[in-house]
Student: 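This is the structure I want to talk about, given as structure tokens.
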Amino acid sequence: MLAVFIICLLVSFLIARLAYLQIYKNELYTTLSTKNAIDLVPVEPTRGLIYDRNGVLLAENIPVFSLDIIPQQVTDLQKTLSTLSKIVEISDSDLNQFKKQLKQHRRFDEIPLKLRLTEEEVARFTENQYRFPGVIIKARLMRHYPYGESFSHVLGYVGRINTQELAEIDQINYSASHYIGKLGIEKYYEEDLHGNVGYEEVENDASGKPIRVLKKISGTPGKNLYLTIDSGLQFAAERALVDHRGAIVAIQPQTGQVLAMVSEPAYDPNIFVAGISQKDYQELQQSGEKPLYDRALRGLYPLASTIKPYLALEGLQSGATTPEFTIFDTGVFKLPTNSRIWHDWKKNGHGRVNIQTAVTVSCDIYFYQLAYKMGIQAIDSILHQFGYGALTGIDLDGELPGIVASPASKLKNRGTRWYPGDTINSSIGQGDMQATPIQLASAIATMANRGKRYVPYLLLGEQVPGKTYIKHAATPLEPVKLKDEKYWDLVIDAMQNVVASPQGTAYQAFGRNYNYTIAAKTGTAALSRRRNPDEEDKQESVPEKLRDHHLFVAFAPVDDPKIAVAIITENSNNAIETARAIIDYYLGSQNAAREPENKAQQTSP
């Protein structure tokens, strides 16, 4: 009887407990059960595409299969990796990248082990997938740059998110992302290109394996960007500069839009996307050709004689010279208080010259005397008005400001005082004077505009897929104002003669048979001290890396400027011929009638 009572008591307790759990605690345990069965999986947004101004695709996303591991579902990770390597080829670089990502992500995240599996590797793994719980093949989109080295310094590249970047980004928005813009446009406009993360509610079985997707919460794809770059002009510039180290920047003067931006040699950004090996990266870094170095944005070069038109303007408006004033150039110059002799680039000088002739023939002696009369403060002032010594504000990271030589900058950088001889050196763009190609291009575009200035920029417009295309506007800057507008015409006429007159320093190299007007200025940045002026003509006897750099700035047509260019060829005198090829292409019949800024809107999806 006692046994029956105990049994009844236990059964009653069991029924009561079941009733408590099933009825009173039903909502709690139903919620816990649902949480066990359903995962909220983040979905990476589609990265925005990048086009040139005419709708040419410069950066795309291509479908690939990757081998991903979910660490939480793997019992023995080291053994799994070892066994996987017998089925799929896994490099040391793949392993190193995976281990870095493992530290940065949660254990239930899908972490790529190898990107871009071949069809054979996909087939081999699929046959053996039952042996690898927590290892999956994932279809994903991978960044690809169809033109390889072309545009590499403009576009930059995407790479795997590192620890420092992980601490700076919105980790929720990047919960499904493994890549981020590292350089160039990819980095500067990362927020626009990335988009916003989406989610999927996924039902799992008892083992945690996904069964079906219950609900999708759509994210926002990244914006498609349209650049001011003209890919045809970019290719023409690269062809013209082939086999030469240097940089080219071409700007539309009326807006500041950058039409071409070339730094040679370049690199293939695609090798960084999947993860470059330490060995390959060191080879690029240590290369004497410096392919990773963006010369257009960061290259610091003497202004050389490209400085002379700006000094001519300052000399005229300050009254230090006049259009009628002349000197007789014998080829030598001495300061009244110094016995040192400064030579003209032409051994016996240019004879009688005025301000216009001095610009056309690039007479050093005229500008030595003008600089001595004006003083360094006047030189400093006019150069700053044209944007030298400051960042241009272009929409790329890493730009350098260059140096406008002055007593203050010399004291700061060298710790020594300024001497009159420093002013003489500065007057021909030597000494401490340094500028980047983007500064040179921006300044000559200002000259083309007769003082109107704009911030150089690369983003022509943007568009969220399926929505309205939004064009970006030019940003004006404080203009350069002269006391008399005729000074613009006087100096620009002299610059026209640099190419058009037989006396001009670009007359021979630029050649004939062109059907447009052009204003230009040449420059030679001497890298080694010469024993006499005639050594300019003996550069072939000097080791290549000690040969002069050559500069060329120009705009055309003169009365309605459509293009302004700045070109630097390192240890090479190919700058003028390079400019001819670029301007011929851009102003050629195949381009003359186009309205490029409308193209992006017409071709945008």
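Given the structure is predicted, the values throughout are model-derived calculations rather than measurements. FYI, the numbering just counts along the sequence from 1.
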Student: What pairs of donor and acceptor atoms, side-chain ones from residues 487-498 against any protein atom, are under 3.5 angstrom apart with sequence neighbours left out?
Tutor:
from   : atom 1 : to     : atom 2 : distance (Å)
Asp489 : OD1    : Arg450 : NE     : 3.3
Asp489 : OD1    : Arg450 : NH2    : 3.2

Student: The criterion is ring-ring contact (aromatic ring centres under 6.0 Å, His included); which residues satisfy it with Tyr419, sequence neighbours excluded?
Tutor: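 ring-ring contact (aromatic ring centres under 6.0 Å, His included) check on Tyr419 returns nothing, list empty.
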
Student: Under the 3.5 angstrom rule, does the side chain of Tyr368 hit a backbone N or O of His343 as a donor-acceptor pair?
Tutor: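 Yes; judged by distance alone, with no hydrogens or angles, the pair exists.
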
Student: Considering non-hydrogen atoms only, spot the tightest contact between Val558 and Ala519 and give its length.
Tutor: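 In terms of heavy atoms, the two residues are closest at CG2-N, 3.7 Å.
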
Student: Does one side chain, of Trp345 or Thr505, offer a donor that lies under 3.5 Å from an acceptor on the other?
Tutor: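 On atom types as modelled, these side chains do not qualify, holding no pair under 3.5 Å.
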
Student: Once you round to the nearest 0.5 Å, how far does OG of Ser305 lie from CD of Gln430?
Tutor: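 The OG atom of Ser305 sits 7.5 Å away from the CD atom of Gln430.
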
Student: Please assess Leu440 against Ile568 for the test side chain to side chain contact (heavy atoms under 4.5 Å, CB included), listing each intermediate value before the final yes or no.
Tutor: CA-CA 10 Å; Leu440 290 164; Ile568 291 176; 3.7 Å; yes

Student: Would you kindly say whether Tyr51 and Gln463 are connected by a side-chain donor-acceptor distance under 3.5 Å?
Tutor: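 Tyr51 vs Gln463: no donor-acceptor pair found between side chains.
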
Student: Got a donor-acceptor contact below 3.5 angstrom from the Gln254 side chain to the Pro561 backbone?
Tutor: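 Here the side-chain-to-backbone pair exists.
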
Student: Checking side chain to side chain contact (heavy atoms under 4.5 Å, CB included) for the pair Trp418/Ser426: CA distance, chi angles, key distance, verdict?
Tutor: CA-CA 11 Å; Trp418 190 263; Ser426 297; 3.5 Å; yes

Student: Checking Arg295 now: which residues fulfil side-chain hydrogen bond (donor to acceptor under 3.5 Å, both in side chains) with it, not counting sequence neighbours?
Tutor: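 Arg295: side-chain hydrogen bond (donor to acceptor under 3.5 Å, both in side chains) contacts with Glu570.
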
Student: Looking at Ala405 and Asp380, what are the two nearest heavy atoms and their distance?
Tutor: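 Of all heavy-atom pairs spanning Ala405 and Asp380, the closest is O-OD2, 4.1 Å.
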
Student: Spell out, as yes or no, whether a donor-acceptor pair under 3.5 Å connects the side chain of His194 to the backbone of Glu190.
Tutor: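 A pair under 3.5 Å: no.
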
Student: Any idea which heavy atoms bring Pro401 and Gln439 closest together, and the distance?
Tutor: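 It is O-NE2, 2.6 Å.
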
Student: Of all residues at least two apart in sequence or in a different chain, which pass the side-chain contact (heavy atoms from CB on, under 4.5 Å) check with Ala509?
Tutor: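 Checked Ala509 against side-chain contact (heavy atoms from CB on, under 4.5 Å); matches are Ile576, Glu577.
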
Student: Is the centre of the His153 ring less than 6.0 Å from the centre of the Tyr293 ring?
Tutor: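 Ring centroids of His153 and Tyr293 are no less than 6.0 Å from each other.
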
Student: Just jot down the ring-ring contact (aromatic ring centres under 6.0 Å, His included) partners of Phe325, sequence neighbours excluded, or say none.
Tutor: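 For Phe325 there are no ring-ring contact (aromatic ring centres under 6.0 Å, His included) partners, ignoring immediate neighbours.
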
Student: Under 3.5 Å, side chain of Asp230 to main-chain N/O of Asp52, donor-acceptor pair present?
Tutor: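 Here the side-chain-to-backbone pair does not exist.
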
Student: According to the side-chain hydrogen bond (donor to acceptor under 3.5 Å, both in side chains) rule, which pairs have a member within residues 451-461, sequence neighbours left out?
Tutor: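 Applying side-chain hydrogen bond (donor to acceptor under 3.5 Å, both in side chains) to every pair that reaches into residues 451-461, excluding sequence neighbours, yields Gln257-Tyr457.
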
Student: With a 6.0 Å cut-off (strictly less than), is the heavy-atom count around CG of Asp559, excluding the residue itself, greater than 12?
Tutor: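 Not buried by this count: 12 neighbours or fewer within 6.0 Å.
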
Student: Output yes when Asp329 and Arg352 qualify as a salt bridge under the 4.0 Å nitrogen-oxygen rule, no when they do not.
Tutor: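 The answer is no: the pair does not qualify as a salt bridge.
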
Student: Donor-acceptor check, side chain of Thr228 to backbone of Leu459, threshold 3.5 angstrom: yes or no?
Tutor: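 No; zero donor-acceptor contacts below 3.5 Å.
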
Student: Nearest heavy-atom pair of Ala556 and Ile583: which atoms, and what distance?
Tutor: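 That closest heavy-atom pairing would be CB-CG2, 4.2 Å.
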
Student: Is a side-chain donor or acceptor of Asp294 paired with a backbone partner of Ala296 at a separation under 3.5 angstrom?
Tutor: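 Pair found, side chain donor or acceptor close to backbone of Ala296.
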
Student: Which residue pairs pass the ring-ring contact (aromatic ring centres under 6.0 Å, His included) test with at least one member in residues 231-259, sequence neighbours excluded?
Tutor: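 Only Tyr147-Phe235, Phe151-Phe235 qualify under ring-ring contact (aromatic ring centres under 6.0 Å, His included).
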
Student: Between the side chain of Arg245 and the main-chain N/O of Glu289, is any donor-acceptor distance below 3.5 Å?
Tutor: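 No; zero donor-acceptor contacts below 3.5 Å.
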
Student: Name all pairs fulfilling the salt bridge (Lys or Arg N to Asp or Glu O under 4.0 Å) condition that reach into residues 438-448, sequence neighbours left out, sorted by first residue then second.
Tutor: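 For residues 438-448: none.
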
Student: Do Thr578 and Asn574 meet the criterion of a side-chain donor-acceptor pair at a distance under 3.5 Å?
Tutor: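 Distance-only check passes for Thr578 and Asn574.
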
Student: Run Asp432 and Gln434 through side chain to side chain contact (heavy atoms under 4.5 Å, CB included) and show every step you take.
Tutor: CA-CA 6 Å; Asp432 289 342; Gln434 289 186 325; over 6 Å; no

Student: Got a donor-acceptor contact below 3.5 angstrom from the Gln234 side chain to the Met261 backbone?
Tutor: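 A pair under 3.5 Å: yes.
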
Student: Apply side chain to side chain donor-acceptor pair (under 3.5 Å) to Thr255 and Gln252, showing your working.
Tutor: CA-CA 6 Å; Thr255 61; Gln252 187 181 80; 2.6 Å; yes

Student: Could you go through Arg143 and Glu60, starting from their C-alpha distance and side-chain angles, then the distance that decides it, and tell me whether this counts as salt bridge (Lys or Arg N to Asp or Glu O under 4.0 Å)?
Tutor: CA-CA 6 Å; Arg143 201 59 153 179; Glu60 61 184 347; over 6 Å; no

Student: Output the distance between atom OG (Ser150) and atom CD (Glu238), rounded to the nearest 0.5 Å.
Tutor: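 Going from the OG atom of Ser150 to the CD atom of Glu238 covers 3.5 Å.
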
Student: Give a yes or no on whether the backbone of Arg298 and the side-chain of Thr436 come within a donor-acceptor separation of less than 3.5 Å.
Tutor: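 Flag not set: sc Thr436 to bb Arg298 has no pair under 3.5 Å.
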
Student: Quick one: closest heavy-atom pair of Ile307 and Gly429, and the distance?
Tutor: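 Of all heavy-atom pairs spanning Ile307 and Gly429, the closest is CG2-N, 3.6 Å.
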
Student: Would you call Arg580 and Asp584 a salt bridge, taking side-chain N to carboxylate O under 4.0 Å as the test?
Tutor: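 Looking at Arg580 and Asp584, the cut-off is met.
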
Student: Which residues pass the side-chain hydrogen bond (donor to acceptor under 3.5 Å, both in side chains) test with Tyr310, sequence neighbours left out?
Tutor: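 For Tyr310 there are no side-chain hydrogen bond (donor to acceptor under 3.5 Å, both in side chains) partners, ignoring immediate neighbours.
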
Student: Please round to the nearest 0.5 Å and tell me the distance separating atom CG of Leu225 and atom CG of Leu460.
Tutor: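 Rounded to the nearest 0.5 Å, the CG-CG separation comes out at 10.5 Å.
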
Student: Under the ring-ring contact (aromatic ring centres under 6.0 Å, His included) rule, what pairs show up with a residue in residues 491-510, not counting sequence neighbours?
Tutor: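 Residue pairs passing ring-ring contact (aromatic ring centres under 6.0 Å, His included), neighbours aside: Phe510-Tyr514.
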
Student: Do the charged groups of Asp422 and Lys410 touch, with an N to O distance under 4.0 Å?
Tutor: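 Yes.
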
Student: Assess, by modelled atom type and distance only, whether the side chains of Thr446 and Asn449 contain a donor and an acceptor separated by less than 3.5 Å.
Tutor: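 No.
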
Student: Decide if atom NZ of Lys182 counts as having more than 12 heavy atoms of other residues, nucleotides or ligands within a radius under 6.0 Å.
Tutor: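 Enclosed: over 12 neighbouring heavy atoms sit under 6.0 Å from NZ of Lys182.
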
Student: Can Glu462 and His472 be said to form a side chain to side chain contact (heavy atoms under 4.5 Å, CB included), step by step?
Tutor: CA-CA 8 Å; Glu462 59 187 42; His472 282 214; 3.4 Å; yes

Student: Where do Gly402 and Leu300 come nearest, in terms of heavy atoms and distance?
Tutor: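 Of all heavy-atom pairs spanning Gly402 and Leu300, the closest is CA-CD2, 3.6 Å.
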
Student: One pair to check against salt bridge (Lys or Arg N to Asp or Glu O under 4.0 Å): Lys223 and Asp192. What are the steps and the verdict?
Tutor: CA-CA 6 Å; Lys223 295 176 182 177; Asp192 294 310; 3.4 Å; yes

Student: So does Glu149 get a backbone contact from the side chain of Asp268, meaning a donor-acceptor N/O pair under 3.5 Å?
Tutor: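 A pair under 3.5 Å: no.
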
Student: Go through the structure and list residues passing ring-ring contact (aromatic ring centres under 6.0 Å, His included) with Tyr301, not counting sequence neighbours.
Tutor: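 Residues passing ring-ring contact (aromatic ring centres under 6.0 Å, His included) with Tyr301: His549.
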
Student: Can you confirm whether the side chains of Lys346 and Ser362 place a donor and an acceptor under 3.5 Å from each other?
Tutor: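 Not at all, the side chains of Lys346 and Ser362 share no donor-acceptor pair under 3.5 Å.
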
Student: Does anything in residues 304-321 form a salt bridge (Lys or Arg N to Asp or Glu O under 4.0 Å)? List the pairs, not counting sequence neighbours.
Tutor: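 Listed by first then second residue: Lys308-Asp364.
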
Student: Enter the distance from Leu311:CG to Leu313:CG here, rounded to the nearest 0.5 Å.
Tutor: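 Rounded to the nearest 0.5 Å, the CG-CG separation comes to 9.0 Å.
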
